[in-house]
2 protein chains.
Amino acid sequence: MKPATIRDVALRADVSVASVSRVLTGAGPVTEATRRRVLEAVDALQYVPHSGARSLSTSKTNTIGVILPDLYGEYFSELIRGMDVAARAQGYHLIVSSSHDDADEASAAIRSMRGRVDGLIVLSPHLGAANLASGLAGRTPILVMNGGADEERASIVVDNHGGAVAAVEHLVAVGRRRIVHISGPTGNLDAEARMAGYVEAMAAAGLPTTVIEGAFTKASGHDAGLRLAGLAVQPDAVFAGNDNMAVGAMLAFQEAGLRVPEDVALVGFDDIPLASLVRPGLTTLKINIAETGRKALERVVRMAGSEVDTACEVVRPELVVRASSNLERPYGGAADLNRTDVQTPSLEGEKL
Amino acid sequence: MKPATIRDVALRADVSVASVSRVLTGAGPVTEATRRRVLEAVDALQYVPHSGARSLSTSKTNTIGVILPDLYGEYFSELIRGMDVAARAQGYHLIVSSSHDDADEASAAIRSMRGRVDGLIVLSPHLGAANLASGLAGRTPILVMNGGADEERASIVVDNHGGAVAAVEHLVAVGRRRIVHISGPTGNLDAEARMAGYVEAMAAAGLPTTVIEGAFTKASGHDAGLRLAGLAVQPDAVFAGNDNMAVGAMLAFQEAGLRVPEDVALVGFDDIPLASLVRPGLTTLKINIAETGRKALERVVRMAGSEVDTACEVVRPELVVRASSNLERPYGGAADLNRTDVQTPSLEGEKL
DNA sequence: TGAATCCATGTAACCGATTACATGACACAC
DNA sequence: GTGTGTCATGTAATCGGTTACATGGATTCA
C-alpha cells in the first residue's frame with residue numbers, strides 16, 4: 001500500500017497532474033471548480049507532496065546543511081538553536097552533520113550534502129578544511145565559520161586574538177602576574193589564535209608565559225586545573241581557551257581547596273549559558289552565540305537566493321566581568337569593575 | 001556553469017550511465033578498465049552524486065527527521081547529541097525541525113518531511129500530536145517520545161509518575177514536610193504526569209500539596225523561587241518539574257538569602273549536565289538523555305529497514321542524590337545517603 | 001565448428017514532482 | 001461568420017540518478 005502520488009490525485013479528481021500541481025503550489029490559474037475537486041481528492045487520498053521529488057524538479061530543497069566538528073557542549077547547541085530559529089522564520093529546514101574530527105571527514109560530509117541542501121554552513125576549525133570544501137559541492141553556497149579568515153569566501157570569524165588580549169589585560173589590570181593559559185587542542189584555529197593573543201599580550205606586559213594544552217572539554221580543563229593546583233608555585237590567574245575548560249578548572253581548584261578568585265582568578269571565552277550559572281560567576285569573553293548562528297543562517301539563505309556574498313564578518317567578543325576575576329578588594333587599582341551578573345545571572349533571553 | 005551529472009561523466013569516460021552508476025555504488029560487475037576510466041572522469045569533472053536524485057530513485061534518503069517542541073535547554077541538545085552520534089554510526093543524517101508549540105504546527109512539520117526522511121522521531125508533549133501524525137506521513141515509520149504512552153505505536157516514554165513519587169519519597173525520608181511542587185506548563189504531558197506523581201505521593205504521606213506553575217525554563221523557576229522565598233511560611237523542600245526550573249529556583253533562593261539545602265531542599269528532574277555543576281549539586285531524577293536519544297534513533301532506523309516495531313519502551317529515571325537535598329546532619333534519619341557527585345561532578349562521558 | 005553459457009555493458013523505464021508549450025473553448029469585435 | 005485574444009487545461013519533457021532487461025562478445029564444451 002504505497003502513499004498516493006500526484007498522479008493518483010489527478011486520476012481521482014479527473015484532471016491533469018499539471019492542474020493538481022497548480023492548485024497545490026498556488027502557481028498558475030485554476031477555476032474554483034477544479035480547485036475544489038483537487039482538494040477533495042487530496043483529502044480523500046491523504047495525499048502529501050513528496051518533497052524530494054519536488055526538490056529535484058525545482059532544484060530547491062529549502063534546507064541548509066550545517067557541518068560541525070562535534071555537537072557536544074553548549075557552544076554548538078546554542079549556535080544550532082540560533083540557526084534553527086532563523087531557519088524556521090525563513091521556511092527552511094536544518095540538516096546537521098557533526099563529529100568531523102579532521103578535514104577529510106568534513107569534506108566527505110560536505111560532499112554527501114550535494115543535492116540535499118541549498119547552502120552550507122561549515123564550522124571546521126581545522127586548517128585547510130575550507131579549501132577542501134571549495135569546488136566539492138558544485139555551486140552550493142558555503143559560509144565558513146572556522147578560525148581561518150579566508151578572503152573572497154563568505155565567512156564569519158571571531159576576533160579570537162583581540163579577545164585573548166582583552167582577557168590578559170583584564171587580569172593584569174586586577175593585579176595578577178602569574179597568568180597561565182589553558183589552550184584548546186593543537187590544530188584548532190580558534191584555539192591557536194587565542195593562544196597567540198595570550199602570548200602577545202603577556203609579552204607586552206613583560207610577563208612570562210605558561211601554557212597547558214587542553215581539548216576544549218570540561219574534563220580537560222579539570223585535569224589542567226588539578227595539575228596547576230599541584231604546582232609548587234601556583235598561578236594567581238588562569239585564562240582558559242573556552243568556558244568549558246574554565247568551568248572544569250574552577251571545579252578542580254575548588255576540590256583542591258583553592259579559592260576563586262582570591263587565590264586564582266579565572267577567565268573563560270564564549271560566554272556559554274553555564275558561565276553565568278556557576279559560582280563564582282565566570283568572567284569571560286562574550287560572543288552572542290545564538291545571534292551569530294542566526295546571522296550565519298540568514299546570510300547563507302540569501303546566498304542560496306543567488307545573492308553574491310564574499311564578506312568576512314568579524315565578531316568582536318566583549319569582556320564580561322563576573323566574580324571569578326573580581327575581588328571585593330582587588331590586589332590594587334580597578335575597584336569599580338563592572339559587576340553586573342555577579343548577583344543576577346542572566347536569565348532573560350531564555351526563550352529567544 | 002552547472003555541476004556535472006552522471007551523464008557528463010558517462011560521456012567523458014565513454015561508457016553508459018549504468019556503468020558509471022555501477023562503479024559509484026559498487027553494485028554490479030565492471031571491468032577494471034571501465035572502473036578506472038570512470039573514476040578518472042569523476043575526478044576530472046569533480047563529479048559529486050546528487051543525493052536528492054538518488055533518493056528519488058531508490059526511495060531511500062538515509063535521513064531521519066526529528067520533530068521537537070523547542071531546541072532550547074540542555075535536555076534537547078543532549079538528546080540530539082545522542083541521536084547524532086548514533087546517526088553517524090549508521091550512516092544517517094539528521095534533519096531537525098523545532099519550536100512547534102502546538103499540535104497543528106507539529107503535524108505540518110511532519111507532513112513537510114514526506115520524501116525527505118526515512119523515518120521520524122516525534123517529541124511533541126501535547127495531547128493528540130501523535131494521533132495527528134498518524135497517516136499523515138504515508139508509510140513513514142514514526143517513533144514518538146511524548147508523554148502520552150500510546151499502545152500499538154513505537155514509542156519511548158519516561159516514567160514521569162514513578163520518578164515524581166521517588167522524588168517526594170526522598171524528600172519525606174530526609175525529614176521534609178512542607179514540600180512544594182513547581183510544575184511544568186499545563187498541557188504538557190510530561191509536566192502533568194510529574195505533577196500527578198507528586199500529588200499522589202504527598203497524599204500517601206498524608207501531607208498537603210502546593211503547586212506553582214512554571215514553564216520548564218530557568219526564568220520560570222527563578223520567578224517561582226522568588227515567590228516561595230517571599231511567603232510567610234516558607235517551604236522546606238521544593239520538587240521542580242525539571243532541572244532547568246530547579247536551577248532557576250536555586251539561584252532565586254540564594255539571592256533571597258535562603259540556604260540550600262539547610263533551609264530548603266531541592267530536587268529536579270532529568271539530570272541535565274548542568275545539574276552536577278551548580279553548587280550545591282542538584283539532586284535529581286536521572287534520565288540518561290543522550291543514551292535515550294541513541295536508542296530512539298537506532299529503533300527508527302530499524303523501522304526504516306521495514307522491521308515492525310510497536311513496542312513502548314519505558315525509561316525509568318533513577319534518583320541521584322546530590323548536596324541540594326543532603327545535609328551533613330539531616331533533619332533525622334537517613335544519614336548515609338549516596339554522596340557521589342557532591343565533590344566530583346561527573347566529567348566523564350564528556351566526549352561520549 | 002556450432003551451440004550453450006557467462007558476463008560486462010548499454011538502453012530505456014522509472015522515481016514523483018514542476019512547467020514550457022500546445023490546445024481548445026469561449027467571448028468579443030468587426 | 002470569421003478572426004483574434006484570453007485563459008483554463010492537458011501533454012510531455014525534465015530534474016539526476018538507479019536498475020530490469022536486452023544485447024552482444026568471449027569462453028567453454030561437445
Side-chain angles (χ1 to χ4, degrees), chain A residues 2-38 41-42 45-63 111-118 137-140, chain B residues 2-38 41-42 45-63 111-118 137-140:
Chain A
K2 311 195 63 136
T5 73
I6 196 171
R7 272 165 254 270
D8 299 326
V9 176
L11 214 61
R12 167 136 189 165
D14 198 33
V15 296
S16 70
V17 292
S19 292
V20 176
S21 177
R22 281 191 271 261
V23 169
L24 264 32
T25 59
V30 271
T31 43
E32 191 46 39
T34 307
R35 146 169 284 109
R36 220 181 34 245
R37 287 226 306 288
V38 167
V42 164
L45 298 174
Q46 298 218 23
Y47 171 70
V48 179
H50 188 289
S51 323
R54 180 175 288 181
S55 295
L56 184 57
S57 68
T58 57
S59 18
K60 197 84 180 56
T61 60
N62 287 305
T63 303
R111 274 202 303 278
S112 80
M113 290 287 180
R114 159 97 206 276
R116 230 185 254 287
V117 299
D118 296 334
R139 290 267 32 86
T140 306
Chain B
K2 314 196 62 134
T5 73
I6 197 173
R7 273 165 250 269
D8 299 326
V9 175
L11 214 62
R12 167 135 188 167
D14 198 33
V15 297
S16 71
V17 292
S19 291
V20 177
S21 177
R22 281 190 271 262
V23 170
L24 264 33
T25 59
V30 271
T31 43
E32 190 49 36
T34 308
R35 148 169 282 109
R36 221 182 32 245
R37 288 225 307 288
V38 167
V42 163
L45 299 174
Q46 298 218 23
Y47 170 69
V48 179
H50 188 289
S51 323
R54 181 176 287 180
S55 296
L56 185 56
S57 67
T58 57
S59 22
K60 197 86 181 52
T61 60
N62 286 304
T63 304
R111 272 203 303 279
S112 79
M113 289 289 180
R114 158 98 208 275
R116 231 187 253 287
V117 299
D118 296 335
R139 292 263 35 85
T140 307

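We name chains A, B, ... by the order of the sequence lines, and we start the count at 1 in each one.
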- prompt: Donor-acceptor pair under 3.5 Å: do we get one between B:Arg114's side chain and the base of C:dG16?
  reply: no
Proximity to the side chain of A:Ser57 - top-ranked nucleotide from D:dT11, D:dG16, C:dT18: C:dT18
message: If you compare every side-chain N and O of B:Ser55 against the phosphate oxygens of C:dC15 (OP1, OP2), does one of them come in below 4.0 Å?
response: no
task: Using a cut-off of strictly less than 4.0 Å, decide whether A:Thr31 has a side-chain nitrogen or oxygen near OP1 or OP2 of D:dA8.
output: no
query: So, do A:Val15 and A:Arg37 sit near enough that their side-chain heavy atoms are less than 4.5 Å apart?
result: yes
message: Do B:Leu24 and B:Val9 make a side-chain contact, defined as non-hydrogen atoms from C-beta onward lying under 4.5 Å apart?
response: no
- prompt: Which part of the nucleic acid, if any, lies within contact of B:Thr25, taking any heavy atom under 4.0 Å across all strands shown: a base, the sugar-phosphate backbone alone, or nothing?
  reply: sugar-phosphate
statement: Between B:Leu56 and B:Gly28, whichever has its closest DNA chain C nucleotide further toward 5' is B:Gly28
message: Quick check on DNA chain D: between A:Arg35 and B:Tyr47, whose nearest nucleotide comes earlier from the 5' end?
response: A:Arg35
query: 5'-most contact on DNA chain D: A:Val17 or A:Pro29, nearest heavy atom basis?
result: A:Pro29
Flag side-chain contact, heavy atom, 4.5 Å: B:Arg22 against B:Val38: no
field: From D:dG10, C:dA17, D:dT18, nucleotide with atom closest to A:Arg54 side chain
entry: C:dA17
query: Pick the nucleotide of DNA chain C nearest each of B:Ser59 and B:Ser19; which residue has the one closer to the 5' end?
result: B:Ser19
message: Strictly distance-based, threshold 3.5 Å: is any side-chain N or O of A:Ser21 a donor or acceptor partner for the main-chain N or O of A:Val17?
response: no
message: Could you walk me through whether A:Thr63 and B:Arg116 satisfy the side chain to side chain donor-acceptor pair (under 3.5 Å) test, starting with their C-alpha distance in whole Å, then the side-chain angles of each, then the deciding distance to 0.1 Å, before giving a yes or no?
response: CA-CA 10 Å; A:Thr63 303; B:Arg116 231 187 253 287; 3.1 Å; yes
- prompt: Taking five pairs at each end, how big is the angle between the two axes of the helix from C:dT1-D:dA30 to C:dC30-D:dG1, to 10°?
  reply: 60°
message: Nearest to the B:Ser21 side chain among D:dG16, D:dT19, D:dG10, which nucleotide is it?
response: D:dT19
query: Over how many whole Å does the gap from B:Ile6 atom CD1 to D:dT14 atom C1' extend?
result: 16 Å
task: Tell whether B:Arg7 reaches the base of D:dG17 with its side chain through a donor-acceptor pair below 3.5 angstrom.
output: yes
- prompt: Would you say D:dT9 has OP1 or OP2 under 4.0 Å from some side-chain N or O of A:Thr34?
  reply: yes
task: Report yes if a side-chain nitrogen or oxygen of A:Ser16 is closer than 4.0 Å to either non-bridging phosphate oxygen (OP1 or OP2) of D:dG10; otherwise report no.
output: yes
message: Once rounded to the nearest 0.5 Å, what's the spacing between atom CE of A:Met113 and atom OG1 of A:Thr140?
response: 10.5 Å
task: Examine distances only and state if a side-chain atom of B:Thr61 and a backbone atom of B:Asp118 form a donor-acceptor pair shorter than 3.5 Å.
output: yes
